Amino acid sequence: MSGGGGCCGELYSCVFDYSTPRIALIKSRKVGLLNRVIQLVILAYVIGWVFVWEKGYQEFDTVISSVTSKVKGVAATNTSELGFRVWDVADYIIPPQEENAFFVMTNLILTPNQTQRQCPEVRVQTGRCVAYNETVKTCEVDAWCPVENDLTVPKPAFLGSAENFTVLIKNNIWYPKFNFSKRNILPNISTEYLKSCIYDRVNNPFCPIFRLGSLVEEAGESFQDMALLGGVMGIQISWNCDLDKKYTHCVPKYSFRRLDNRAFDHNVSPGYNFR
């Protein structure tokens with residue numbers, strides 16, 4: 001019975017009793033000033049850092065993007081194998097279209113008059129040996145003969161003048177959460193401007209046409225050196241848009257970097273090439 005009465009008493013106290021915290025008033029200028037300083041610091045952190053600097057009140061979205069490119073440029077060569085020849089986009093862009101990428105041929109090993117038959121290989125191997133030249137014997141193979149000799153790469157690069165080719169990059173973006181879309185050819189860019197502009201980090205930072213040689217130089221590399229064995233360049237287009245600001249403040253920023261391995265202490269199969 002006493003246990004039941006205790007429980008009822010506690011329940012009665014929780015329902016009908018009312019308590020207030022005790023407040024102590026401390027008359028001290030130092031303590032009062034310290035209290036206000038702490039409050040101001042907390043308030044400044046919340047307003048200044050969380051809301052103003054870090055935009056803590058904002059929502060974020062991931063961009064959906066598409067990229068297309070169009071290369072322009074003409075080069076001329078005069079060799080004993082090919083004679084005089086003019087190279088245009090149809091010759092040095094292989095394949096004509098790629099997804100978010102483009103390939104430009106800068107060097108070429110020519111092997112003219114090939115036919116399917118038996119002939120000596122370039123490198124010495126085991127098996128039946130036949131004369132490759134007056135001093136070297138190599139394995140005989142069934143192949144397109146004569147086989148390609150990639151031991152000697154043309155230097156300077158066969159199409160070293162490709163550094164003056166240009167590429168127009170079109171980039172379209174969309175933020176689906178905010179239904180916001182834009183492209184890197186900005187509204188203030190006219191047709192006349194697009195015909196003559198070349199990207200420059202200082203003078204023309206929003207021109208979408210890039211000179212290939214300048215693009216490689218922006219990455220701290222030499223185009224003529226890279227043109228010998230090939231390489232892989234990355235072009236990054238950054239859109240860091242604050243939609244609290246005007247539409248015109250949302251602009252692209254370009255950066256460039258060489259992506260393939262350039263470690264001189266491990267330079268096995270350098271560059272980028274294909275047959």
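Everything quoted here is computed from the prediction, not taken from an experiment.
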For [X], is the [atom1] atom crowded, meaning more than 12 foreign heavy atoms sit under 6.0 Å from it?
X: E99; atom1: CD; result: no
X: K177; atom1: NZ; result: yes
X: N113; atom1: CG; result: no

With rounding to the nearest 0.5 angstrom, report the [atom1] to [atom2] distance, [X] to [Y].
X: F210; Y: L168; atom1: CZ; atom2: CG; result: 9.0 Å
X: S214; Y: F223; atom1: OG; atom2: CZ; result: 10.5 Å
X: Q97; Y: S69; atom1: CD; atom2: OG; result: 6.0 Å
X: N240; Y: K253; atom1: CG; atom2: NZ; result: 9.5 Å
X: L110; Y: E148; atom1: CG; atom2: CD; result: 9.5 Å
X: L215; Y: T166; atom1: CG; atom2: OG1; result: 11.5 Å

Which atom names give the shortest non-hydrogen contact between [X] and [Y], and what distance separates them?
X: Y193; Y: C207; value: OH-CB, 3.8 Å
X: E98; Y: A101; value: CB-O, 3.3 Å
X: P154; Y: I109; value: CD-CG1, 3.9 Å
X: Q118; Y: D142; value: CG-OD1, 2.7 Å
X: T106; Y: A227; value: OG1-O, 2.9 Å
X: L82; Y: T79; value: N-OG1, 3.1 Å

Find out whether [X] and [Y] are in side-chain contact, i.e. whether some heavy atom of one side chain is under 4.5 Å from a heavy atom of the other.
X: N172; Y: S181; value: no
X: W239; Y: K182; value: yes
X: Q236; Y: R257; value: no
X: Y272; Y: D260; value: no
X: S66; Y: W174; value: no
X: P146; Y: T111; value: yes

Are [X] and [Y] in one and the same hydrophobic cluster, where Ile, Leu, Val, Met, Phe, Trp and Tyr link if side-chain heavy atoms are under 4.5 Å apart?
X: F165; Y: M233; result: yes
X: I64; Y: F178; result: no
X: F206; Y: I237; result: no
X: L229; Y: I94; result: no
X: V89; Y: I198; result: no

Does any N or O in the side chain of [X] come within less than 3.5 Å of the main-chain N or O of [Y], such that one atom is a donor and the other an acceptor?
X: N184; Y: I169; result: yes
X: Y92; Y: G73; result: yes
X: Q224; Y: A157; result: no

Given side-chain contact (heavy atoms from CB on, under 4.5 Å), test V63 with Y175 step by step and report yes or no.
CA-CA 5 Å; V63 69; Y175 291 98; 3.7 Å; yes
Using the side chain to side chain contact (heavy atoms under 4.5 Å, CB included) rule, pick out the option among L186, N171, L194 that qualifies with P208.
L194
Scan V104, T77, L108, D91 and name whichever one has a side chain to side chain contact (heavy atoms under 4.5 Å, CB included) with L159.
T77
For F256 and Y254, take the angle between the two ring planes, folded into 0 to 90°, and tell me which bin it lands in: parallel under 30, tilted 30 to 60, perpendicular over 60.
parallel
Is the centre of the W87 ring less than 6.0 Å from the centre of the F158 ring?
yes
